[in-house]
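A short worksheet on the structure shown next.
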Amino acid sequence: MVFEKGDKIFILVDCNNFYASCERVFNPALRGKPVVVLSNNDGCIVARSAEAKTLGLDMAAPVFKNRDLIGRHGIKVYSSNYVLYGDMSRRVMAILSRLAPEIEVYSIDEAFLSAVGMSARQLPDFGRYIHRAVQQQTGLTVSVGIAPTKTLAKVANHFAKRHEQHGGVLCLTDPAMIRDYLSRMPLAKIWGIGRRKARFFERQRIHNGLQLTAASDRWIKKYLTVMTLRTVWELRGISCIPLETVPAHKKGIGSSRSFGRDVSRLAEMEEAVAAYTARCAEKLRQQGLTAGHIQVFIATDAFKDGPYYENAAGNGISPPTAATPLLTARATDLLKSVFRPGLLYKRAGVMLLDLLPQVQVQADLFEHVYQNSRSQRLMETIDRYNRRTNSGKLMWAAEGMGKPWYMRQAHKSRRFTTRWDELAVAYA
DNA sequence: TCTGGGGTCCTAGGACCC
DNA sequence: TCTGGGGTCCTAGGACCC
């Protein structure tokens, strides 16, 4: 049988331990050693090499609770280096785009591919070819899961990653084989079923993927959502989630961050909010969008004893804009309306909503074009400079200079692939 | 001392209308 | 004695994903 347009086959390619592997590609001294990468602010563990997993470090575990383990085993610790990971991701996606006719970049480290014009017998070979190509060209190892629905491709990928005998590639097209693997698939690991729903199913004596496929549609719709029903159909082999080769337009663009230390002064808070607004506005302009609504939120430390405060305020912006100074002025006003003196704040964020393409705004609001063009040219110039020099060197004075509230990043590696002065050095 | 950030989607419930 | 019901829009909150 040959898969043609209309026949569904999905190939999920997922990088193993992506962030930790990126660190290792440029630092051979890390081969075979346990490596972990931390979240922003050096708070939690967000990526672990195979060795680190074996030592018992959990995903999303706070670092401070694992200091002992990290010290005892000489585990190498890195702050997140998104410039490096983003660039490695682009390289992987470029390779995959050349290999398959259609690609959906699903996240920084995974993509779904289609397999049009290929026979069922060729699929495993194709999977192995992808595996080899990415390995040779980037030094990163991927797992490949192949199946008739996206959710089953995720299941295949799950086993390809964990069981060495598959060599990183598992093709699930045979119904008996699918049932066999589903019977060994823990519910909480199924795409779309989180911990919460898994617990619900356990109480109903449903313990694995195969049992879930046997549940009745009526029952699922009654107690859960249509989303869960879709997941169940996908597990039964009926494809409900199509390949999205064109990225959907964003509904909101946000930037939020925990502080390196508590912030209680309004002046410092204003700097942080200005900095987050500038970041959002930059992302906005990169995508050729403007925002018609802005939201600001601030929060105290949720982990501390005592009351937790989270306050948000939002407002419409007319006409919609992508100009940093305008957005910052609105954000500052909103901040003042929710800020309470005397509280120790730990986190703040800015969210831009009601996104509208820039061209549309100009067409609709003809009379504003002239007066906006100056600020638009300024924005373009700043963005171009920062992009070209790959730094955020041009910033707004409102962001402040010292940034005493800035997040901790004590273990950052170099930007090996995007900065000449940070290239890897090979010694003869 | 120390616990991420950026998204999506669905549902419930209130307001409002006819 | 008697107190509708259906549609729509909005928002807040929750679950989930990576």
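- Salt bridge A:Glu399/A:Lys403: present, at least one basic N to carboxylate O contact under 4.0 Å.
- Contact check, A:Lys197 against B:dC10: no side-chain N or O comes under 4.0 Å of OP1 or OP2.
- Closest to the side chain of A:Met227, from the set B:dC2, B:dC10, C:dC18, is B:dC10.
- Using a 4.0 Å cut-off, no side-chain N or O of A:Arg261 falls inside it from OP1 or OP2 of B:dT1.
- At the phosphate of B:dC9, OP1 or OP2 sits under 4.0 Å from a side-chain N or O atom of A:Lys251.
- Nucleic acid contact for A:Leu38: none, since no nucleic acid atom lies under 4.0 Å from a heavy atom of the residue.
- Across all strands shown, A:Gly349 has no heavy atoms under 4.0 Å from either base or sugar-phosphate atoms.
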Practice problem: Give the intermediate values and the outcome of salt bridge (Lys or Arg N to Asp or Glu O under 4.0 Å) for residues A:Glu234 and A:Lys154. | Solution: CA-CA 11 Å; A:Glu234 283 246 321; A:Lys154 279 273 194 181; over 6 Å; no

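- Across every strand in view, C:dC18 sits in a pair with B:dG5 that passes the Watson-Crick or G-U test at under 3.5 angstrom.
- Checking the phosphate oxygens (OP1, OP2) of B:dT3, no side-chain nitrogen or oxygen of A:Ser258 falls inside 4.0 Å.
- Between B:dT3 and C:dC17, the distance separating the two P atoms is 25 Å to the nearest Å.
- Taking the centre and axis of the six-membered ring of A:Tyr276, the NZ or CZ atom of A:Arg279 falls outside the cone set by 45° and 6.0 Å.
- Along DNA chain B, the nucleotide nearest to A:Gly252 and the one nearest to A:Asp262 differ in position, and the one closer to the 5' end is contacted by A:Asp262.
- Taking side-chain N and O atoms only, A:Lys154 has a distance below 4.0 Å to OP1 or OP2 of C:dC18.
- Taking 4.0 angstrom as the limit, A:Thr225 places none of its side-chain polar atoms (N or O) nearer than this to OP1 or OP2 of C:dA15.
- If you check every strand for non-hydrogen atoms under 4.0 Å, A:Ile253 touches sugar and phosphate atoms only.
- Among the protein residues, A:Asp42 comes within range of no part of the nucleic acid, since none of its heavy atoms lies under 4.0 Å from any strand.
- Nearer to the 5' terminus of DNA chain B, by closest-nucleotide assignment, is the contact made by A:Tyr82 (compared with the other of A:Met351 and A:Tyr82).
- One side chain, A:Glu102 or A:Ser114, offers a donor N or O that lies under 3.5 Å from an acceptor on the other.
- The NE2 atom of A:His411 sits 15 Å away from the P atom of B:dC2 (whole-angstrom rounding).
- The side chain of A:Asp109 sits closest to C:dC18 out of C:dC18, B:dG5, B:dG6.
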